[in-house]
Trainee: 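Mind having a look at this structure? Questions to follow.
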Amino acid sequence: MRDDFLSGLNPEQLAAVTLPHESALILAGAGSGKTRVLTTRIAWLVDSGLASPFGLMAVTFTNKAAREMLTRLTAMLPINTRGMWVGTFHGLCNRLLRAHHRECGLPAAFQILDMQDQLALIKRVMRALNVDEERTPPRQVQQFINSQKESGIRASACESYDPQTRRYIDVYGEYEQQCQREGVVDFAELLLRAYELLSRNAMLREHYQQRFRHILVDEFQDTNRLQYQWLKLLGGPDTAMFVVGDDDQSIYAFRGANVGNMRDFEREFRIGKVIRLEQNYRSFGNILDAANALIENNEGRLGKQLWTAAGPGEPVRVFEALTDQDEAHFIVEEVRQLHREGTALADMAVLYRSNAQSRLLEHQLFAAGVPYRVYGGLRFFERQEIKHALAYLRLTANRDDDGAWLRVVNFPARGIGARTLEAVQVAAREGGLSLWASCCSRPPGGAAANKLAVFVRLIDELSAEIAELPLPEKIDALLDRSGLRDYYRAEKDGEERLENLEELVNAAQNFQYEVEGGTVEDFLAHASLESGELQAEVAQDALQLMTVHSAKGLEFDAVWVCGLEEGLFPHENSLSAHDGIGEERRLMYVAITRARKRLYLTLATQRQLYGQTRYNLASRFLREIPEPLTQWLNRRPPSSANHGGYAAPRVQTGAAVYAGTQDLQGFRIGQSVKHGRFGQGVIVAAEGSGDDARVQVNFPEAGVKWLLLSYARLEAC
DNA sequence: GTGTTGTACATAGGC
DNA sequence: TGTACAACAC
């Protein structure tokens with residue numbers, strides 16, 4: 001039995017899986033069988049009686065990873081994995097808070113705000129405080145609040161040395177109180193509350209410390225400070241921490257991830273020997289060598305070198321296109337060719353740094369009739385119709401949820417306008433009440449009072465009617481009673497939304513199958529935490545389009561990494577960030593290591609971005625890949641004139657310069673020129689053609705000037 | 001209350 | 001260039 005799942009492991013994997021009861025750090029490279037090691041470790045612990053299924057906890061970052069772990073465990077062990085503490089940080093904290101809601105001062109039916117909900121609440125608070133949204137953008141306040149919480153700092157403990165920070169803190173404080181009044185928590189709050197609960201309650205802490213003799217953590221490089229502190233609280237003197245991560249794949253510093261946690265862990269848990277999983281089972285040698293060479297350029301790595309028993313395979317193909325159009329065209333043609341040769345579309349992926357790049361690709365794929373699927377974008381539970389339906393459900397569970405109240409009080413329209421809402425909000429603020437409580441105890445006068453009363457009655461009756469129904473029927477009834485179904489039925493483009501609402505009933509049905517005794521609160525928490533792709537995988541074979549970020553953890557036979565230009569990848573915004581280039585390089589490392597057999601790197605020297613043409617230099621990352629590993633498909637950009645009637649490019653001042661090939665009477669962008677009066681300068685932009693051709697020149701002494709080529713006598717120099 | 005126009009904005013995105 | 005959201009008129 002045991003040999004079953006231990007066979008086939010390499011020596012390092014085997015050593016990791018069968019480690020004795022002690023804390024360990026596993027440095028697991030891309031494609032090194034990390035998930036397998038993690039799940040096999042759990043199976044081995046349980047199978048050999050070293051741990052009970054309920055005496056261990058496993059933490060992942062995504063629900064998908066948690067699900068996969070549970071699925072594999074179910075296949076390996078003859079046990080019911082239900083009830084095991086396997087999940088995401090947020091999911092497990094939610095579980096902890098539900099179980100001890102009284103100890104941490106939350107109502108039993110507390111609701112979870114997603115990012116949208118949180119932003120909406122922040123805006124409401126800011127309006128109540130009369131904070132100017134121009135000078136203090138709500139998004140920045142949101143970031144401020146979340147990063148404070150991730151550092152474990154409450155509003156009362158914040159320090160400010162300037163008026164702007166003072167304003168942030170004021171909003172933070174009021175926001176905290178408002179959340180408390182409404183009985184809602186945001187994502188960061190789930191973690192912070194769980195942390196505070198354990199740090200303040202010694203009995204509870206010791207209970208869990210004794211219970212979890214093994215804690216296993218996946219993707220440790222992505223943990224933030226608070227998550228690491230929380231793990232340390234849960235781990236008692238007898239807990240073995242089994243931590244798996246890859247510092248080279250840390251790509252979420254921008255949202256608080258702290259790679260430093262790996263080094264801290266190594267030190268604080270006195271890890272004697274780090275186990276390195278360096279054998280790669282995914283890619284051919286050239287691809288791995290390219291990745292290794294690239295990442296060598298980063299500083300402060302823990303150090304690791306991927307290798308494979310497979311041969312070198314094909315060279316890394318590099319294609320330099322003239323324009324982004326040509327780049328997309330090239331990719332589409334190569335995809336079709338590979339497809340003809342027998343590679344399934346689903347085994348190919350085009351990766352890009354930013355979402356804006358997908359549009360052009362989609363356009364050309366559509367024109368060529370190649371099926372494709374774009375990842376990212378609106379998730380199921382983030383759709384407005386779903387949010388509306390869930391808001392009704394939230395109100396039946398918790399009347400004080402102002403966000404839900406505001407969302408549906410006048411949707412579908414009930415003649416309750418902005419004036420009335422303003423009055424209710426003012427009254428609620430004065431009385432320190434929720435909107436619901438306020439309009440029940442001190443309703444505004446006038447005709448609106450009636451309409452509000454109708455809404456109150458609707459929610460009360462709805463709650464009573466569905467109280468005894470099973471969850472899916474609750475939602476089904478609510479869709480009718482609220483008028484949502486009728487509304488979208490009448491709407492001319494409402495069909496898809498109507499289908500989504502039916503899908504919500506299905507989702508509730510499935511939820512009931514999966515979670516025995518799942519309550520409305522459980523389902524709502526599930527909806528907040530699992531905003532993900534709920535729709536069944538589309539059966540059609542389709543090319544995969546996604547950002548490099550969302551490709552993490554995936555693999556494909558053939559991968560195109562496109563837009564390899566300075567400013568785009570590495571992204572210009574990363575230049576100013578601390579270790580920004582380092583993180584971009586890790587991102588590139590992740591991109592490269594997605595490919596099994598064939599890797600393409602493409603770039604365009606001229607690209608439309610936000611309606612303007614930009615001229616970019618080739619990405620530095622291309623230079624960091626050794627020549628012998630690559631094959632340049634077109635060393636020189638094609639000088640062909642097959643762009644008949646092209647629009648003359650317009651360039652923004654300050655855009656990266658590139659020697660374009662367009663006819664400017666012998667001049668080109670980026671060229672140094674001399675002018676009779678203005679002296680020496682550099683051409684930074686061009687416009688028009690023929691006699692109307694103008695160039696923009698940056699003269700260090702005279703500034704930036706537009707000059708008509710036919711008049712200004714420019715000299716090349 | 002709904003449809004229309006106008007303006008600001010545009011890295012990455014898990015829970 | 002395209003979208004999202006707010007302010008505006010009907």
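Below, chains carry the letters A, B, ... as their sequence lines are ordered, and counting in each starts from 1.
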Trainee: Quick one: CE on A:Met115 to CG on A:Leu113, what's the gap to the nearest 0.5 Å?
Mentor: 11.5 Å

Trainee: Rounding to the closest angstrom, what is the interatomic distance between B:dT11 and C:dA6 at atom C1'?
Mentor: 25 Å

Trainee: Once you round it to whole Å, what is the distance between P of B:dG14 and CE of A:Met546?
Mentor: 12 Å

Trainee: What do you reckon, are the aromatic ring centroids of A:Tyr252 and A:His549 less than 6.0 Å apart?
Mentor: yes

Trainee: State which of B:dT11, B:dC15, B:dG13 makes the closest approach to the side chain of A:Thr62.
Mentor: B:dC15

Trainee: So which pairs with a foot in residues 86-96 of chain A pass side-chain hydrogen bond (donor to acceptor under 3.5 Å, both in side chains), sequence neighbours left out?
Mentor: A:Asn94-A:Arg98

Trainee: So, is A:Thr547 close to the B:dG13 phosphate, meaning a side-chain N or O under 4.0 Å from OP1 or OP2?
Mentor: yes

Trainee: Contact class for A:Gly417 vs. all strands (heavy atom < 4.0 Å): base, sugar-phosphate, or nothing?
Mentor: nothing

Trainee: Rounded to the nearest angstrom, tell me the gap between atom CZ in A:Phe187 and atom P in B:dG14.
Mentor: 11 Å

Trainee: Specify the residue among A:Asn410 and A:Glu583 whose closest nucleotide of DNA chain B lies further upstream toward the 5′ end.
Mentor: A:Asn410

Trainee: Is there ring stacking between A:Phe254 and B:dA12, where the centres must be under 5.5 angstrom apart and the planes under 30 degrees?
Mentor: yes

Trainee: Under the side-chain hydrogen bond (donor to acceptor under 3.5 Å, both in side chains) test against A:Lys34, which residue among A:Asp218, A:Thr39, A:Asp246 passes?
Mentor: A:Asp218

Trainee: Does A:Leu587 or A:Ile416 map to a spot on DNA chain B nearer the 5' end, using the closest nucleotide for each?
Mentor: A:Ile416

Trainee: Respond yes when some side-chain nitrogen or oxygen of A:Asn355 is under 4.0 Å from OP1 or OP2 of B:dG13, and no when none is.
Mentor: yes

Trainee: Report the distance from atom CG of A:Asp117 to atom P of B:dC15, rounded to the nearest whole Å.
Mentor: 16 Å

Trainee: Can you tell me the distance, in whole Å, between the CZ atom of A:Arg379 and the P atom of B:dC15?
Mentor: 7 Å

Trainee: Does the side-chain ring of A:His90 lie flat on the base of B:dC15, meaning centres under 5.5 Å and planes less than 30 degrees apart?
Mentor: no

Trainee: Taking CG from A:Asp186 and P from B:dG14, how many angstroms apart are they, rounded to a whole number?
Mentor: 17 Å

Trainee: Counting only N and O atoms by type, is there a donor-acceptor contact under 3.5 Å from the side chain of A:Gln111 to the main-chain atoms of A:Ala109?
Mentor: yes

Trainee: Starting from P on B:dC15, measure out to NE2 on A:His526 and report it in whole angstrom.
Mentor: 11 Å

Trainee: Could you walk me through whether A:Gln148 and A:Tyr172 pass the side-chain hydrogen bond (donor to acceptor under 3.5 Å, both in side chains) test, one step at a time?
Mentor: CA-CA 9 Å; A:Gln148 293 303 310; A:Tyr172 181 13; over 6 Å; no

Trainee: Please report the distance, rounded to the nearest Å, between OH in A:Tyr352 and P in B:dA12.
Mentor: 10 Å

Trainee: For the residue pair A:Asn355 / A:Ser358, report whether a side-chain donor-acceptor contact shorter than 3.5 Å exists.
Mentor: no

Trainee: How would nucleotides 1-10 of chain C be written as a contact map, 5' to 3', with B for base contact, S for sugar-phosphate-only contact and - for no contact, using protein heavy atoms under 4.0 Å?
Mentor: BS---S----

Trainee: Rounding to an integer number of angstrom, what distance separates C:dA4 and B:dG13 when you compare their P atoms?
Mentor: 16 Å

Trainee: Roughly, in whole Å, what's the span from CZ in A:Phe411 to P in B:dT2?
Mentor: 9 Å

Trainee: Of the listed nucleotides (B:dC15, B:dG13, B:dA12), which one gets closest to any side-chain atom of A:Asn63?
Mentor: B:dC15

Trainee: Check A:Arg353 with A:Glu584, please: is the shortest side-chain N to carboxylate O separation under 4.0 Å?
Mentor: yes

Trainee: If you only use heavy atoms from C-beta on, which nucleotide in B:dA12, B:dG1, B:dC15 is closest to the side chain of A:Ala413?
Mentor: B:dG1

